[in-house]
Amino acid sequence: MTLHAVLWDVDGTIAETERDGHRVAFNEAMREHGIARRWDAQHYGELLAVAGGLERLLADMHQDGQTFAGQWPRNLTQTDQYQLACSIHTRKNELYRDLLDKGRLAVRPGVLRLMTACQQAKVAQAIVTTTSATNVDALLSRMFDPNWAGRFAAVVCAEDAPRKKPDPQAYLEALSRLQCSSQDALAIEDSPNGLAAARAAGLCTLVTPSVYFSHEEFDDASLTCVDLNHLTGFSSARSRLVTLDSLRALHRRWHHA
Ligand code: XBP
Ligand code: MG
């Protein structure tokens, strides 16, 4: 088995986009819509169990009736609730892009280095995310340039795989576009939902937990490391950095386990 492709999750893996990006933009969009509800950093971590920003808004609206002091408008029909959520979500994405344009969200350690190494070695790379194409474009345009997509053999976003992680649909779609077997690829993820999706697609998975998941146990992961510049507990590795060689060694070990 050879490592032919590296599949990258986006939110939490490429950058810490959730707490300081999506959450901040959601709160501002809610304020602009005249909604009293705000998500503090801790509560947003709990909401991450729901994949997808629109789904997260709807879940919070439904919970509000039972738990919170009516911070969402009362007596909305289901259709009105859905339309409100869509409107907030659309505005959230514009505000999220503004945050990126202002340079508020840094790429996580080692990501650029490892992506460049894969590209130089002609190992195919794919983007596999439950966020929208617009949000991916906002992040990767800032990270590289507007032609960033040329670096990836496949880009699978929410529009391409509507069943969100932990469903494996996005990973299966990426593998199909890459014409690559799950046996010959490796995923890099940050969250329990992401890991579950990658594992359900049959992938060897390296987890670099994002801030919200730094205390989680990722028992199903092939390996977990703090970030791509801090590899520990992996005897095959010569360096602390997650390199293409260490990905290949991890992939080999996973096959022989
Ligand atoms: C993470 C998500 C996304 C983002 C928000 O995606 O679940 O929903 O939180 O983006 P991943 P949207 O880790 O797979 O990149 O508002 O576009 O859903
Ligand atoms: Mg993620």
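Note that these values count all heavy atoms, side chains included, but never hydrogens, waters or copies made by symmetry. Just so you know, ligand 1 is whichever comes first in the structure, and atom 1 is the first atom listed for that ligand.
With a 4.0 Å heavy-atom cut-off, ligand 1 is reached by the side chain of Glu18 but not by its N, CA, C or O.
His89 and Phe26 have parallel rings, their planes meeting at less than 30° on a 0 to 90° scale where 60° marks the start of perpendicular.
Under 4.0 Å is where a charged nitrogen must lie from a carboxylate oxygen, and between Arg142 and Asp101 no such pair does.
At least one heavy atom of His89 sits closer than 4.0 Å to an atom of ligand 1. Using a 4.0 angstrom heavy-atom cutoff, Glu189 does not count as in contact with ligand 1. For the pair Ser132 and ligand 1, a heavy-atom separation below 4.0 Å is found. A heavy-atom separation below 4.0 Å is not found between Gly194 and ligand 1.
Taking only nitrogen or oxygen atoms, main chain and side chain alike, Gly53 reaches within less than 3.5 Å of ligand 1. For the pair Val128 and ligand 1, the shortest N or O to N or O distance does not fall below 3.5 Å. The distance criterion of under 3.5 Å between nitrogen or oxygen atoms is met by Thr129 with respect to ligand 1. Close N/O approach between Lys164 and ligand 1 is not found [any backbone or side-chain N/O within under 3.5 Å].
Within ligand 1, counting atoms from 1 as listed, the ones closer than 4.0 Å to a heavy atom of Val10 are 15 (O).
Note on Glu189: not counted as a metal contact of the Mg ion (ligand 2), no N/O/S atom lying under 2.8 Å.
Thr131 OG1, 2.7 Å is the protein heavy atom nearest to atom 17 (O) of ligand 1.
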